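One structure below.
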Amino acid sequence: MTLRVLSGRRAPAARDVAVVVVLVAASIVLVLADIDRTIRADARDPDALGIAFATLSCLPVLVARRWPAPAACAAVVVTSLGLGVGYSLALPMLVALLLAGYAGVRGPRRTTAVVGAVAGTAVALLVADSLDDPVFAPMVGAFAFGVVPVLFGDVVGSARREAADARESARRIEQLRDRDVGRAVAEERLRIARDMHDITGHHLSALALQAAGLSLTTAEPETKAALQRIHGIATAALGQTRRALGVLRADDAERVPAPRLADVAGLLGPARESGLAVDLRVQGDPRELPDEVEVCAYRVLQESLTNVVRHAAASRVEVVLTHGPQELELRVTDDGRGAGVEPSPDGVGLEGMRERVGLLGGTLSAGPAPGGGWTVTARLPATLRA
């Protein structure tokens, strides 16, 4: 009961008072019943001074939660004085040693050393006083006996503090990871929006131009009116798209066409310049793919190569493009650190790639390669549903 109360969280004062009352009552009963004489045959007969020592030895429990080290020292000193003058105080001595251990759990290393020195010295002096001819070895053993509870408490306290620090570090890492993932996803969505601006703008412009051109070549009033309406709708839609998505670009940003798989040579060049040996293999029959698929595949390859260069510590990377009847498979494999390191810290890059691929109905997986290293595989549909 004492250990549970002493090592628990801060409790109401009433509980501490109840514990002290029980301890004092038990100590007084043992003193008055003279039961401790079986342990110490030369113990003094119970009297008021013995009852006072038994009471005072237990009172420091009241303040142990707020001042563990002073409470332990006070209990050890008072109990040692009572034992020194001849009273047998077995229970108060046990309480004093428990308080010393509790001080080791709660207190810093400096105060723990002081409590250990006080407890060890007190026990050693008691043993020396009980010997007719004090011997060094028994005194050293007695000193160690007094220090052991404090050392045990210090070990427990250090473990608890390390566990608390680990939990706090894990919490902070989780917060940073969530923040980084959120930022990466937001950046990826912004890039997707920019790509959609380019793709949509290209097609709407082509539609508007073709409608305008056809309206000039037909003489049928109804057809001409329909083509002119198509031209007007496409032009309006193009303007709305540019106003809605064009703000995502910086005013002075260079306007370039949306990237396609035909432009992958521009990605492999910088990777090779960084010292990587890059192999590109194209399998199957290449065919025209939807613009969204082309852009997505290009971005996944771009992100994968960037992660290899920055984080994988690889010397070689293989890029395989497989054109299937129903899907395009992109696989990037490196010979870097593999399972020991994610392609991007905390998987931030993977989150953005997965979202981009998932928007098109595709899948993306990443993990250790069978022969070592890391593999990123993206599967994208060859056709998109309207």
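Since we're looking at a predicted model, the values are computed, not measured.
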Of the non-hydrogen atoms in [X] and [Y], which two are nearest, and what is the gap between them?
X	Y	answer
Leu328	Leu261	CD2-CD1, 3.6 Å
Pro68	Ala103	O-CB, 3.7 Å
Ala366	Trp374	CB-NE1, 3.6 Å
Glu292	Leu360	O-CD1, 3.5 Å
Leu276	Val308	CD1-CG1, 3.7 Å
Pro290	Ala382	CD-O, 3.1 Å

Problem - Under the side chain to side chain contact (heavy atoms under 4.5 Å, CB included) test, residues paired with Leu364 that sit two or more places apart - result: Val300, Leu350, Met353, Arg354, Val357, Val376, Ala378
Practice task
Applying side chain to side chain contact (heavy atoms under 4.5 Å, CB included), name anything that partners Ala52, two or more places apart in sequence or on another chain.
Solution key: none
Should the pair [X]-[Y] be classified as a salt bridge under the 4.0 Å nitrogen-to-oxygen rule?
X	Y	answer
Arg316	Asp334	no
Glu168	Arg172	yes
Glu162	Arg160	no

Exercise for the section: Evaluate whether atom CZ of Arg161 has more than 12 neighbouring non-hydrogen atoms of other residues, nucleotides or ligands under 6.0 angstrom away. Expected result: yes
Exercise for the section: Might you confirm whether atom CG of Asp285 has over 12 heavy atoms from other residues, nucleotides or ligands at distances under 6.0 Å? Expected result: no
Can you find a pair of side-chain heavy atoms, one from [X] and one from [Y], that are under 4.5 Å apart?
X	Y	answer
Glu329	Val320	no
Val95	Leu99	yes
Leu267	Tyr298	yes
Leu301	Val319	yes
Arg281	Arg331	yes
Thr377	Thr333	no
Leu305	Val317	yes

Problem - Of all pairs that satisfy salt bridge (charged side-chain N to carboxylate O under 4.0 Å, His left out), the ones with a partner from residues 50-60, not counting sequence neighbours - result: none
Is a side-chain N or O of [X] found less than 3.5 angstrom from the main chain of [Y], in a donor-acceptor match?
X	Y	answer
Asp335	Ser315	yes
Arg287	His323	no
Arg379	Glu327	no

Exercise for the section: Go through Leu62 and Val17 one step at a time and tell me if the side-chain contact (heavy atoms from CB on, under 4.5 Å) criterion holds. Expected result: CA-CA 6 Å; Leu62 284 173; Val17 172; 3.8 Å; yes
Exercise for the section: Run the numbers on Leu280 and Leu268 for side-chain contact (heavy atoms from CB on, under 4.5 Å), then give the verdict. Expected result: CA-CA 9 Å; Leu280 173 64; Leu268 304 185; 3.8 Å; yes
